[in-house]
Each structure stands twice: as structure tokens, then as C-alpha cells.
Student: 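Please read through the structure below; I'll follow up with questions.
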Amino acid sequence: MSPNGSDRSPRRTMRRKLPQALALGLVIASATGCSANDLPRLGLPSPVTEEGPLVLHMWQGSWIAALAVGALMWGLILWSVIFHRRSRTKVEIPAQTRYNVPIEALYTAVPLVIVSVLFYFVARDEATLTSTSAKPQHTVNVVGFQWSWAFNYENTEKPDPASSTAAYDIGTPQEPPTLWLPVNESVKFVLTSRDVIHDFWPINFLMKQDVVPGVVNAFEVTPTAEGTYRGKCAELCGVDHSRMLFNVKVVSHDEYEQHLKELRAKGQSGAVPSGITTTGSEAE
């Protein structure tokens with residue numbers, strides 16, 4: 001009997017509550033709204049570029065490593081709780097050990113191995129994701145400004161306003177612009193800013209990069225699925241940061257070329273100024 005006169009011991013109460021806690025955890029896990037197709041991506045959207053699966057696999061691998069380490073740690077904790085509890089050993093205070101060299105060496109070596117393996121895969125994949133080809137099929141100069149985007153199609157980090165083959169589109173916080181891209185054709189984004197640091201993030205591309213004043217950043221992707229996707233600025237850039245949105249429309253090659261013709265017909269040929277004063281990482 002417990003000290004307060006009840007025959008319910010704390011251990012018995014805990015055993016009764018354990019199934020309830022497990023049931024609650026199952027309900028929470030099943031109520032997250034994730035379908036069977038969403039679960040393997042572990043929170044990431046579906047990739048729609050050739051490069052996207054590389055990011056997804058790196059994300060999944062990191063989760064697998066974290067879950068494995070977590071399962072090991074929880075297993076050791078539960079093993080200690082179950083097999084070294086006072087009621088089982090009848091020992092008030094277990095033997096105290098000052099140090100154990102093999103275990104301490106293991107605790108040092110295992111994290112180093114885990115970090116080294118993760119670093120290798122991150123460095124390998126980052127080199128692939130940030131590499132650009134000398135002659136991509138299309139080049140789009142993305143201009144970030146407070147608080148919207150301009151897209152200079154078929155232009156570089158120093159757009160030519162007099163170009164007869166280029167075209168541009170520009171948005172506002174009230175009317176976000178739409179970036180048109182051809183499917184299954186490589187596109188190099190040349191990122192420039194007029195004012196503060198922004199971050200160009202087409203969400204389903206699983207790729208984003210800072211847009212820094214006076215510096216040229218670039219990355220290259222090949223869209224693989226037609227459709228309309230969302231994009232946003234991922235760097236806090238001022239009072240209207242949350243409205244610095246854009247859409248991405250992946251279409252066929254003919255639709256892409258037709259869209260550029262329509263922009264030029266509306267007087268949006270050439271380019272809008274990018275505000276570049278230095279070429280940053282690229283040569284003159």
C-alpha cells in the first residue's frame with residue numbers, strides 16, 4: 001500500500017498510463033496529414049528538377065543517421081532504466097566508476113566517424129549542385145529588390161537593355177511575377193541584387209541561394225516536370241519580406257519561346273537594370 005493509503009503504487013499507475021501515451025503518440029503521428037507518398041520525403045516537397053533528387057537523398061540520409069543514433073541512445077537509456085533499477089538490484093547506490101577508457105574512446109570515435117561521413121556526402125553533393133556548365137541552354141538573370149523580383153531572360157549578370165532577343169518581366173508585392181522555364185532544358189540562374197541581401201528559392205527545385213548586392217551568385221537546374229510552382233525570398237530583407245513571392249511556370253519549349261515573344265511585343269524587350277557594380281565571383 002502507498003503512503004497515502006491507496007493500493008495504487010506509482011509503478012502500477014505508470015504501467016496503466018503507458019498504453020494511453022502510446023495510443024496518443026500514434027494518433028498524433030497519424031494526424032499530421034502526411035500521405036504514403038509524402039512520408040518518404042520527410043517534409044520536403046516533390047523535386048521537379050534533375051538535381052532535386054540529390055538534395056532529397058542527402059536529406060533522407062541525414063534523417064536515417066539521426067534516427068539510428070537516436071534509437072541507439074534511447075535503447076541504452078531504457079536498458080539502464082529497466083535492468084539497473086533499484087527494485088531489481090536491491091542496491092541503494094550503484095558502484096561509482098571514475099572513468100572507462102574504452103568507452104570514452106568509443107564515445108569520441110563514433111561521433112567523429114558520423115560527422116566525417118556526413119561531411120563527405122555534403123561536400124560531394126554541394127560540389128555537384130553548385131557547378132554550372134560553360135554553355136547552358138538558357139540563362140536568366142534574377143534581380144532581387146525590395147520587395148519583388150525581376151527576371152531578365154536570356155541575359156547575364158550585366159544585362160543588355162538593347163538586346164533584341166532578350167526579354168524581361170518584373171513584379172510587385174501586390175502582383176508577384178511568374179518565372180517561365182522550358183521543361184527538360186538546362187537553365188542557369190545568375191543572381192543579383194539592387195539593395196539588400198535576398199534569397200532566391202523556387203521551393204520545388206529544392207535549391208536556393210543568396211542574392212547579394214555587388215556579388216554574382218549562380219546555380220543551374222534542369223526542370224523535369226511541367227506545372228506551376230511557388231517561390232519566395234528566404235532571407236529576411238525588410239518590412240515586406242513575406243510578400244516577396246513569385247511563381248515558377250515550367251512549360252514546353254514552344255510555349256517558353258512564345259512567352260518571350262509576347263513580352264517583347266508588350267515592350268518588355270532587353271532587360272531591367274540589375275544594379276551590379278562588381279562581378280563578384282565571375283570574371284569581367
Side-chain angles (χ1 to χ4, degrees), residues 32-34 38 41-49 51-52 54-56 58-59 62 122 125-126 129-130 132 138-153 155-159 161 167-181 187-221 223 225 227-250 259 263 268 271-282:
T32 56
C34 294
D38 295 332
R41 296 198 304 273
L42 299 171
L44 285 188
S46 299
V48 294
T49 64
E51 297 77 13
L54 188 63
V55 179
L56 179 60
M58 184 164 54
W59 173 255
S62 299
V122 169
D125 294 348
E126 182 182 12
L129 293 169
T130 56
T132 57
H138 305 278
T139 301
V140 178
N141 167 224
V142 177
V143 183
F145 58 92
Q146 293 176 316
W147 286 274
S148 193
W149 303 91
F151 304 122
N152 293 322
Y153 294 98
N155 249 305
T156 64
E157 76 278 0
K158 287 191 175 180
Y168 72 87
D169 199 2
I170 189 169
T172 65
Q174 294 78 18
E175 296 185 11
T178 297
L179 171 64
W180 288 60
L181 299 173
V187 181
K188 179 181 178 181
F189 295 112
V190 180
L191 310 176
T192 58
S193 172
R194 288 186 187 174
D195 36 52
V196 300
I197 298 177
H198 303 281
D199 195 294
F200 180 65
W201 184 23
I203 297 174
N204 285 83
F205 287 11
L206 304 190
M207 183 69 179
K208 61 181 179 179
Q209 199 167 69
D210 279 350
V211 185
V212 183
V215 175
V216 176
N217 287 328
F219 69 92
E220 187 175 323
V221 297
T228 302
Y229 310 99
R230 296 181 298 115
K232 62 176 67 176
C233 175
E235 185 82 26
L236 182 60
C237 57
V239 65
D240 272 342
H241 161 72
S242 62
R243 302 173 66 191
M244 196 168 169
L245 309 173
F246 62 95
N247 297 309
V248 181
K249 194 174 183 67
V250 181
H259 178 65
L263 291 176
Q268 294 175 217
V272 299
S274 67
I276 285 297
T277 56
T278 64
T279 56
S281 59
E282 295 190 5

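Keep in mind it's a predicted model, so treat the numbers as computed, not measured.
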Student: How many angstroms lie between OH in Y153 and OG1 in T139, if you round to the nearest 0.5 Å?
Tutor: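 That separation rounds to 13.5 Å.
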
Student: Hey, mind stepping through M244 and H198 against side-chain contact (heavy atoms from CB on, under 4.5 Å) and telling me if it holds?
Tutor: CA-CA 9 Å; M244 196 168 169; H198 303 281; 3.2 Å; yes

Student: Roughly how far, to the nearest 0.5 Å, is the CD1 atom of I203 from the NZ atom of K208?
Tutor: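 K208 atom NZ to I203 atom CD1 measures 9.5 Å (nearest 0.5 Å).
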
Student: V55: what forms a side-chain contact (heavy atoms from CB on, under 4.5 Å) with it, not counting sequence neighbours?
Tutor: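 Partners of V55 under the side-chain contact (heavy atoms from CB on, under 4.5 Å) test: L129, L206.
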
Student: Report the residues that fulfil side-chain contact (heavy atoms from CB on, under 4.5 Å) with A150, sequence neighbours left out, ordered by chain and then residue number.
Tutor: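 Testing A150 for side-chain contact (heavy atoms from CB on, under 4.5 Å), a comparison that skips the adjacent residues, returns V143, F145, I170, V272.
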
Student: Quick one: list whatever passes ring pair (Phe, Tyr, Trp, His ring centres under 6.0 Å) with F200, sequence neighbours left out.
Tutor: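 Checked F200 against ring pair (Phe, Tyr, Trp, His ring centres under 6.0 Å); matches are W149, F189, F246.
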
Student: At what distance, to the nearest 0.5 angstrom, does CG of N141 lie from CG of N152?
Tutor: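 Rounded to the nearest 0.5 Å, the CG-CG separation comes to 4.5 Å.
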
Student: By side-chain contact (heavy atoms from CB on, under 4.5 Å), which residues pair with Q174, not counting sequence neighbours?
Tutor: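 Result, side-chain contact (heavy atoms from CB on, under 4.5 Å) vs Q174: T172, R243.
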
Student: Just by distance, no angles: are the side chains of T178 and D169 close enough, under 3.5 Å, to form a donor-acceptor pair?
Tutor: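 Their side chains do not contain a donor-acceptor pair, so the 3.5 Å distance test is not met.
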
Student: If the condition is side-chain contact (heavy atoms from CB on, under 4.5 Å), which residues does I197 pass it with, not counting sequence neighbours?
Tutor: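 I197 satisfies side-chain contact (heavy atoms from CB on, under 4.5 Å) with D210, V212, P213, E235 once adjacent residues are dropped.
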
Student: Looking only at non-hydrogen atoms, find the nearest pair between P45 and N204 and report the distance.
Tutor: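 Looking at all heavy atoms of both residues, the closest pair is CB-ND2, 3.6 Å.
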
Student: Report the distance from atom CG of L179 to atom OG1 of T228, rounding to the nearest 0.5 Å.
Tutor: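 Between L179 CG and T228 OG1, I get 11.0 Å after rounding to 0.5 Å.
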
Student: What residues, two or more places apart in sequence or in another chain, satisfy side chain to side chain donor-acceptor pair (under 3.5 Å) together with Q146?
Tutor: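 Expected list: none.
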
Student: Say you draw a straight line from CG of L181 to CZ of F205; how long is it, rounded to the nearest 0.5 Å?
Tutor: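 So the CG of L181 and the CZ of F205 are separated by 5.0 Å.
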
Student: Atom OH in Y229, atom NZ in K249: separation rounded to 0.5 Å?
Tutor: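 If we round to the nearest 0.5 Å, Y229:OH and K249:NZ are 10.0 Å apart.
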
Student: For H259, enumerate each residue passing the ring pair (Phe, Tyr, Trp, His ring centres under 6.0 Å) test, keeping only those at least two apart in sequence or located in another chain.
Tutor: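 H259 satisfies ring pair (Phe, Tyr, Trp, His ring centres under 6.0 Å) with W180 once adjacent residues are dropped.
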
